2 protein chains.
Amino acid sequence: MANATLNDEELAERAGLIFRTFGYEGASLNRLAAATGLEKASLYYRFPGGKDAILMAAVEGVGAWFEANVFEPLRKPGPLAHRVDAVAARLREFYGDGTKPCVLDTLSLRGAAPELQSALQGALAEWLKAFASVATEAGFPTDEAERRAEQALIAIEGSLILTRVTGKSDLFLSVLAELRPRLIGE
Amino acid sequence: MANATLNDEELAERAGLIFRTFGYEGASLNRLAAATGLEKASLYYRFPGGKDAILMAAVEGVGAWFEANVFEPLRKPGPLAHRVDAVAARLREFYGDGTKPCVLDTLSLRGAAPELQSALQGALAEWLKAFASVATEAGFPTDEAERRAEQALIAIEGSLILTRVTGKSDLFLSVLAELRPRLIGE
DNA sequence: GTCTATAGCTTGATAGAC
DNA sequence: GTCTATCAAGCTATAGAC
């Protein structure tokens, strides 16, 4: 990699990809060290709390990314359809066309700290709220808006799994393409 | 537990639940031993290939369960709607109302044998084909039938994730309740 | 056919040199 | 602030008693 030592943000981002890809138990310190270009002992210097601290930093990093690239853009003024399309494009990046798993999926398996579980729960709730707000703004009643938000998120998560198994991106990409009609009904 | 030594089928089934719950790297031999009531050395006697052999037996067991409880019932004669509803009921059991993860999800993370990946790929293809056949039988053209099969499976996998994170079963159960209209259009 | 005991390796984590 | 070297505990796997 040849990095002149990464800052905490970049560190957490690289670690996050390892956790997403291998899960909590599969994300060994050796893999984390290889992915960050630091030795294990250096990771402990940067994150004295060890593996769990790296994990929480990674999860917070993902949360910050979603706030900046999904939640905030969805709240901004401007044509609703444009906002949703722009967010779909950012999600496509985040998930690497469907090749990179979702934190909500990978890290919700048993084995990690219970502290993590509530963090994931909060992140999911926030995501659902952001999607539902968009549907509400599009004119749907509260119930229908929430239903649409749930269905949209279910489709994203489900298509990520099918894409991961088949190795073909088209299912995930077509779900993203249908995000706009799903949320705001065209 | 108090088992008078389990047969290979029961053994694979219990192991399968551990693999589904903890993932490949999280399914340690200690956990497998605890779940089966056998000591580690005994597991090696039953499955000389070790952990990977147990995994493959578990995956094959899941495959056999799906053949007997999903694919075959969907092919049987009788009212189409009844068949789909019956299968939805069996799926509800298999996934423990959404509390038990799907093999396609949990085991498709990196870390396991590449042999497994193609097994999962085949299982997914078979499942899609079974669902598409039902939609075709209901009168939908091939393209539409395949689309409906994909959307149904995406909804199942996605709702399992959301259910796992929130801890509430209702999303998964409502997806199952909508399986019939999704596949055969009411 | 199951057990106890243990080998050899990898894990998460620490000590101490630079 | 990063490194090498090392620890105890866990891992997969094997040997051998019964």
Side-chain angles (χ1 to χ4, degrees), chain A residues 1-59 106-107 109-117, chain B residues 1-59 61 106-107 109-116:
Chain A
M1 293 287 160
N3 337 298
T5 66
L6 307 163
N7 62 32
D8 284 18
E9 195 180 350
E10 292 165 332
L11 220 56
E13 187 181 327
R14 297 208 186 184
L17 187 53
I18 299 297
F19 278 110
R20 286 164 67 188
T21 307
F22 294 95
Y24 177 76
E25 320 229 19
S28 69
L29 284 172
N30 281 331
R31 280 176 175 152
L32 291 169
T36 56
L38 284 181
E39 288 302 320
K40 285 184 280 182
S42 304
L43 285 176
Y44 274 90
Y45 177 81
R46 304 287 289 272
F47 300 95
K51 180 173 175 172
D52 284 357
I54 302 176
L55 170 64
M56 293 312 290
V59 170
T106 300
L107 292 182
L109 295 185
R110 301 269 182 87
E115 180 188 0
L116 173 67
Q117 192 69 12
Chain B
M1 296 283 162
N3 338 299
T5 68
L6 308 163
N7 61 33
D8 283 19
E9 195 179 351
E10 292 165 332
L11 219 56
E13 187 180 328
R14 296 208 186 184
L17 187 53
I18 299 297
F19 278 110
R20 287 165 65 189
T21 307
F22 294 95
Y24 177 76
E25 320 230 20
S28 69
L29 284 172
N30 279 332
R31 279 176 175 152
L32 291 168
T36 56
L38 284 180
E39 288 302 320
K40 285 182 279 182
S42 304
L43 286 177
Y44 275 90
Y45 177 83
R46 304 288 289 272
F47 300 94
K51 180 173 174 173
D52 285 356
I54 303 176
L55 170 63
M56 294 312 291
V59 171
T106 299
L107 292 182
L109 295 185
R110 301 268 183 87
E115 180 188 0
L116 173 66

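Chain letters run A, B, ... following the sequence lines, proteins first, then strands; residues in each count from 1. Please read these numbers as outputs of a predicted model, since none were measured by experiment.
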Describe the nucleic acid contact of A/A27 in one word from base, sugar-phosphate, nothing, applying a heavy-atom distance below 4.0 Å.
sugar-phosphate
Over all strands shown, is A/S42 touching base, sugar-phosphate only, or nothing at heavy-atom distances under 4.0 angstrom?
base
When rounded to the nearest 0.5 angstrom, what is the spacing between CG in B/L55 and CZ in B/F47?
11.0 Å
Please determine, for the side chain of A/Y44, which listed nucleotide (D/dA13, D/dC3, C/dA13) has the closest atom?
C/dA13
Closest of D/dA13, C/dG12, C/dC3 to the B/E39 side chain is C/dC3
Any side-chain N or O of [X] below 4.0 angstrom from OP1/OP2 of [N]?
| X | N | answer |
| --- | --- | --- |
| A/N30 | C/dT10 | no |
| A/Y45 | D/dT2 | no |
| B/S28 | D/dG10 | no |

Minimal non-hydrogen separation, [X] against [Y], with atom names:
| X | Y | value |
| --- | --- | --- |
| A/A33 | A/E39 | CB-C, 4.2 Å |
| A/A27 | A/I18 | CB-CG2, 3.9 Å |
| B/G23 | B/T106 | CA-CG2, 3.2 Å |
| B/R31 | A/E25 | NH1-OE2, 3.1 Å |

Atom [atom1] of [X] and atom [atom2] of [N]: how far apart are they, to the nearest Å?
| X | N | atom1 | atom2 | result |
| --- | --- | --- | --- | --- |
| A/L6 | D/dG1 | CG | P | 14 Å |
| A/L29 | C/dC9 | CG | P | 20 Å |
| B/K40 | D/dT12 | NZ | P | 8 Å |
| B/N7 | C/dG1 | CG | C1' | 14 Å |
| A/F47 | D/dG1 | CZ | P | 13 Å |
| B/F22 | D/dT12 | CZ | P | 13 Å |
| B/K51 | C/dT10 | NZ | P | 14 Å |

Note: for A/R46 and B/D52 on DNA chain D, the residue whose nearest nucleotide lies more 5' is A/R46
Within 45 degrees of the axis of the six-membered ring of B/F19 and under 6.0 Å from its centre: does B/K51 put its NZ or CZ there?
no
For nucleotides 16-18 of chain D, give me every protein contact, N/O to N/O, under 3.5 Å, one pair per line with atom names.
none

Among A/L29, A/L11, A/V59, exactly one meets side chain to side chain contact (heavy atoms under 4.5 Å, CB included) together with A/I54. Which residue is that?
A/L29
